[in-house]
Amino acid sequence: MTERKKRIKSYARRAKEQRIKLYIIASVIAISFACTLAPLADDGTHQITLIADTGDTLWSLCEPHCPEAMDLRLFIDKVQYINQLSNSCLSIGQEIVIPLD
């Protein structure tokens, strides 16, 4: 075998090893990225988003979704906190997130 053929085989072998390393690194990055997104997909809280309409109040929106063991006033306070509302006034078209836990 000539020196040139040996060099070509050596380069081909190195290129193949580098491709394998690149595939392994890319796979590890993809798997770690997918693992970091998994907790974001389901954070354990179940909630719904309602849109306020004419005549809606926090009381009327929260009442059907309030847990049985919780006082409705405390549930409304929780909804105000989650939605960062300083008072109970709603605007038409305002989105209100209501937890279902």
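Everything quoted here is computed from the prediction, not taken from an experiment.
Using a 4.5 Å cut-off between side-chain heavy atoms of Ile, Leu, Val, Met, Phe, Trp and Tyr, with links allowed through other members, Met70 and Leu58 fall into the same hydrophobic cluster. A continuous path of Ile, Leu, Val, Met, Phe, Trp and Tyr side chains, each step under 4.5 Å between heavy atoms, connects Leu100 with Leu50, placing both in one hydrophobic cluster. Side-chain heavy atoms closer than 4.5 Å link hydrophobic residues (I, L, V, M, F, W, Y) into clusters, and following such links, even through other members, never connects Ile82 to Phe75. No chain of hydrophobic side-chain contacts below 4.5 Å, direct or via other Ile, Leu, Val, Met, Phe, Trp or Tyr residues, connects Tyr23 to Val28.
Side-chain atoms of Thr57 come within 3.5 Å of backbone N or O of Ser60 as a donor-acceptor pair. A donor-acceptor contact shorter than 3.5 Å is absent between the side chain of Asn83 and the backbone of Leu85.
Pairing each heavy atom of Thr49 with each of Val97, the nearest pair is OG1-CG2, 4.0 Å. The minimum heavy-atom distance linking Ile48 with His65 is given by the pair CD1-CE1, 3.3 Å. Between Leu61 and Ile98, the closest heavy-atom pair is O-CD1, 3.5 Å. Nearest heavy atoms, Ile92 versus Asp53: CG1-C, 4.3 Å. The two residues Lys78 and Pro99 come nearest to each other via the heavy atoms CE-CG, 3.9 Å. Of all heavy-atom pairs spanning Ile51 and Asp56, the tightest one is O-OD2, 4.0 Å.
For the atom pair CG of Asp77 and CG of Leu72, the computed distance is 9.5 Å after rounding to the nearest 0.5 Å. For the atom pair Ile76 CD1 and Cys66 SG, the distance stands at 8.0 Å (nearest 0.5 Å). Going from atom NZ of Lys16 over to atom NZ of Lys21 covers 14.0 Å, rounded to the nearest 0.5 Å.
Within a 6.0 Å sphere centred on CD of Glu17, heavy atoms belonging to other residues, nucleotides or ligands number more than 12.
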